[in-house]
Each structure stands twice: as structure tokens, then as C-alpha cells.
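Quick note on labels: first sequence line is chain A, next is B, and so on, each numbered from 1. Side-chain atoms are counted along with the backbone in the values below, which use heavy atoms only and exclude waters and symmetry mates. In this text the structure is predicted, and so the values were computed from the model without any measurement.
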Protein chains: 2
Amino acid sequence: MTTTDKASTRDRLLDAAAEIFYREGVSVGVEALCRSAGVSKRSMYQLFASKGEVLAASLERVLPAYEARLAPGSQEEAGPPRERILHVFARLEKASAEPAYRGCPYLAALVELKDPGHPASVVARGAKEWLLGFFRARAEEGGARDPELLARQLMLVFDGASARAGAKVETLDGLTTATATALLDAAGME
Amino acid sequence: MTTTDKASTRDRLLDAAAEIFYREGVSVGVEALCRSAGVSKRSMYQLFASKGEVLAASLERVLPAYEARLAPGSQEEAGPPRERILHVFARLEKASAEPAYRGCPYLAALVELKDPGHPASVVARGAKEWLLGFFRARAEEGGARDPELLARQLMLVFDGASARAGAKVETLDGLTTATATALLDAAGME
DNA sequence: AAGGTGGTAGACCGATCGGTTTTCCAGCTT
DNA sequence: AAGCTGGAAAACCGATCGGTCTACCACCTT
């Protein structure tokens, strides 16, 4: 094994892919992607069957970190369910304040590739499913009247806010936490 | 003037542009666009300076119809402000039920062209501004505690719902009207 | 030291990109 | 009927698309 073996080549490629696809969109060319990763097209096509697979793998790779950021401390010290939900929106607002923020990468992928069958769309839907499930679980724990409804409402707020903030149409200073709070209260969640 | 004079050529082009850009995204090529419009590339480039300008003009062209659909009956018989707001979400839910629904075209344009300076992004932001203003005006009429906040919250719901329904991640049967109602109540709007 | 392995660089493929230009024709004017 | 106008068709431009392939090089094994 050389210093740039298969694994590290793959890592460099996926890291660069996540960064450039997020910054410039899924229409970035394979040439530019490989250049920014320091990986030859040859190597890329030995690791992946197509550009779409690279995109899907790059989205999948950052998913655990994404989830950990929104839902830290998987169990004990995580705090009461209401706090855990509001933490998601606090993180969203904090991230959206950075100038490089371009919205949730999973929602962006779903919108840009209009094809729901695209491998990256499948990964993106999985990310959305995970967050929906997180909200629903917390809603159940908190005794919400209709946990599924509340979770879906919170997803509307999350995705609406990330799309609008990413497109620089809105600045989220406290907006999503205020909105989420109103919905939690309306759902009778403690 | 022939039967296909300058005006009707322009109309055909913009109609086809609105349709194909909405269905397939802004990455559709000029070749395919002109073919579907029955307009030569020559004519297109005599009417517009670039593909981006065609996109912007096509979005601008359908804006009055878009606004009229969401806010019918500009003045008298339009009903109380609460109803007028809920009508927006009822229309959104109805539109999103159609299989060809791909989300709000203005939000999609903002997400796909990540450049806020793109001429089409300017038009799209204008459409979003208009809806925000509509919500705020109705919120004021209805005596909401914080009309601006309520309007921004409703925009989150609207854009989140259109993005999710357009990406086929969500089905909006009553979801947005229920959410909007909760927010209207929380804002103390009559 | 010889050979194998696994990577980069980049030429190359046909197709398509946005955009320009030429050619031709239909229909109007006079 | 001759001439003008404006649009359609399509060739053409250089660049880039996704993807393949050759050439070469650095390192590891033996």
C-alpha cells in the first residue's frame, strides 16, 4: 500500500465531492470535481460507476456527522424531548448565519435532481426520513397530541427555513425556534 | 406581419420555457427548449440576450397568474383575512396533489441557480416578496400580534411544503392548512 | 535489481453545451 | 410580379459534458 492507497483516495474524492457539490450544485463537472480532489478520473471511475454514485456516496458519508450535529448525545444527557427538538432549530439557525450556508444539502439534492430514483435522491430521502423519525420520537416522549402530525409540521419548518436561508431570501434569527415553539405548544407537548 | 409575428414567437417561446424549465429544471439546453417551442435559436437570441434572460422572462410572465391563483378577487368579495391566508394553503395542497407538481417554480429556481444575482433569481425573489407582503397585509388586517413574524412563519410553511411535495417526500393532505391554522391561532389572529 | 500494483496526468471519445451565422423560404407590400 | 421582411432550419463555433483509455511513475515485494 502506498501513502495514497485506495481508501484515502476514496476519502479525498468524497470529501471534495461533498464540498464542491454543496457549494456549486450537482451540475459540477467530473473534470472539476477530480481536479479539486487531486484524484484522476481513472481512479474515480474505478471506485464508482458514475458521477451520480459519487454524489450519493458523498451525501451518505457525511450523514452520521449531520445527524450527530442535529441530535447530539444519543441518550442520557441529551435533555428533555422539547429541548432536543428546539436544539435542532438552534443548530439550523446557527449554521444558516454563516455566509457559506447554502441550505440543507439533502433537500438541495432532491430539488436539483428532480429524479426521485436517482441514487443520491434515495440517500437524501433517507436523511429526511431520519429527521422526521427523530421529531416523531421526541413528540411521543413529550406527549404530543398527534406526534406524526407535529413531526411533519416541524419538517415543513426545517426544510422551508433551510431552503429560504440557503437561497438568501431569509435570515433566521430566532424565526424557526419561535415557530417550532408555537407548534409544540399547539400540539400540547410538555 | 406574418401569422407568426414577433409577439407570438415570443409567447410560444416563453410558454414552452415555463413548461420545460419547470418540468426538467433550469439545466435544460437551449436546443431542447427551442425545439419544444418551435422557435429557431436565431429568433430566440434576437429576442433575448441569453438563456438566463429567457428563464427570467418566462418566470415573470406567469407571475400574475400565479398571484391571482393564490390571492383571487383582489378586493371586496375576497373574504376575511384569515380565510384569504388559508386559501393560499388550500390552493397549494390542491396543486401539489397533481402528479406533475414539482414545487413552487420560484423557489426551485432560487435553489437550482445558486447565484442570487442571476436575473431569474431576482424575479423569483420578487415572487417570494409578494407572497410575504400578502401574508403580512392579511396578518395586519386580522390583528395578529406580530404581523411580520406571522408572515415569515407562513412563508416557512409554504416553501417547506412546496419543496417537500415537489420532491415527492411529503403528501400535503391538510397538513399545511392545519399548520397555518395553528400559527394563526398562536399569533392571536381573529 | 526485477516485477507487480495502484495511483496521476491527460489524451481521447461522441454528445451536448450556449451562442453565432448562413441559407432558404413564406407571406406581405407596392 | 418584384422586392422586402422575418422567421425556421441547421451548419458551425469553441468549450465542456460524462466516460474510457493509454502512458507513466512511485512504491512495495521478493
Side-chain angles (χ1 to χ4, degrees), chain A residues 1-59 109 112-115 117-121 123, chain B residues 1-59 109 112-115 117-121 123:
Chain A
M1 263 196 202
T2 75
T3 57
T4 62
D5 60 9
K6 203 160 197 174
S8 84
T9 295
R10 195 186 127 102
D11 289 351
R12 267 188 301 140
L13 180 61
L14 292 185
D15 285 349
E19 198 275 331
I20 201 168
F21 282 138
Y22 181 66
R23 178 158 41 90
E24 301 185 20
V26 302
S27 63
V28 172
V30 172
E31 196 88 34
L33 165 60
C34 288
R35 201 181 319 121
S36 92
V39 168
S40 69
K41 293 171 75 174
R42 180 93 210 268
S43 301
M44 176 189 135
Y45 280 105
Q46 272 172 336
L47 290 165
F48 299 95
S50 69
K51 171 187 160 182
E53 298 286 349
V54 176
L55 173 61
S58 76
L59 289 178
E112 290 178 45
L113 326 154
K114 302 193 183 274
D115 173 16
H118 190 289
S121 295
V123 175
Chain B
M1 264 194 202
T2 73
T3 57
T4 63
D5 59 10
K6 203 161 197 174
S8 84
T9 295
R10 196 185 125 102
D11 290 351
R12 267 187 301 142
L13 180 61
L14 292 184
D15 285 349
E19 199 273 333
I20 201 169
F21 282 138
Y22 182 65
R23 178 157 41 91
E24 301 185 20
V26 301
S27 64
V28 172
V30 172
E31 195 88 33
L33 165 60
C34 287
R35 200 181 320 118
S36 93
V39 169
S40 70
K41 292 170 75 174
R42 180 99 211 269
S43 300
M44 175 190 136
Y45 280 104
Q46 274 172 336
L47 290 164
F48 298 96
S50 68
K51 170 187 160 181
E53 297 287 347
V54 177
L55 173 61
S58 77
L59 289 177
E112 291 178 43
L113 325 155
K114 301 191 183 275
D115 173 16
H118 190 289
S121 295
V123 175

Exercise. In terms of the nearest nucleotide of DNA chain C, which residue is placed more toward the 5' end: A:Val39 or A:Glu31?
Worked result: A:Val39

For this session: Please name the pair of heavy atoms, one in A:Ala16 and one in A:Leu33, separated by the smallest distance, quoted to 0.1 Å.
Result: C-CD1, 4.2 Å

For this session: Using only side-chain N and O atoms of B:Arg10, determine if any of them is under 4.0 Å from OP1 or OP2 of D:dG7.
Result: no

Exercise. A:Ser40 side chain N/O closer than 4.0 Å to the phosphate oxygens (OP1, OP2) of C:dT8?
Worked result: yes

For this session: Taking only the side-chain nitrogens and oxygens of A:Lys51, find out if one of them lies under 4.0 Å from OP1 or OP2 of D:dG18.
Result: yes

For this session: Compare the minimum distances between each of D:dG7, C:dT8, C:dG18 and the side chain of B:Gln46, then state the nucleotide with the smallest one.
Result: D:dG7

Problem set entry | Integer-rounded Å distance: D:dG18 P and A:Leu55 CG | 11 Å

Exercise. Tell me, do B:Phe48 and B:Leu14 make a side-chain contact under 4.5 Å, heavy atoms counted?
Worked result: yes

Exercise. Using a cut-off of less than 4.0 Å, is there contact between a side-chain N or O of B:Tyr45 and OP1 or OP2 of C:dT20?
Worked result: no

For this session: Not counting sequence neighbours, list each pair that qualifies as a salt bridge (charged side-chain N to carboxylate O under 4.0 Å, His left out) and has a residue in residues 34-53 of chain A.
Result: A:Glu31-A:Lys41

Exercise. How is B:Val28 classified with respect to the nucleic acid when contacts are heavy atoms under 4.0 Å: base, sugar-phosphate, or nothing?
Worked result: sugar-phosphate

Exercise. Taking CE from B:Met44 and C1' from C:dC17, how many angstroms apart are they, rounded to a whole number?
Worked result: 12 Å

Seminar exercise, completed: Winner on side-chain proximity to B:Arg42, out of D:dA9, D:dG7, C:dT8, is D:dA9

Return all side-chain donor-acceptor pairs below 3.5 angstrom for residues 17-29 of chain A, not counting sequence neighbours, or 'none' if the list is empty.
| from | atom 1 | to | atom 2 | distance (Å) |
| --- | --- | --- | --- | --- |
| A:Glu19 | OE1 | A:Arg23 | NH2 | 2.9 |
| A:Glu19 | OE2 | A:Arg23 | NE | 2.9 |
| A:Glu19 | OE2 | A:Arg23 | NH2 | 3.4 |
| A:Tyr22 | OH | A:Arg102 | N | 2.7 |
| A:Tyr22 | OH | A:Gly103 | N | 3.2 |
| A:Tyr22 | OH | A:Gly103 | O | 2.8 |

Problem set entry | Nearest-nucleotide pick for B:Ser43, side chain only, options being C:dT8, D:dG18, D:dG7 | D:dG7

For this session: From the options C:dT8, D:dT20, C:dG18, select the nucleotide whose nearest atom is closest to the side chain of A:Thr9.
Result: C:dT8

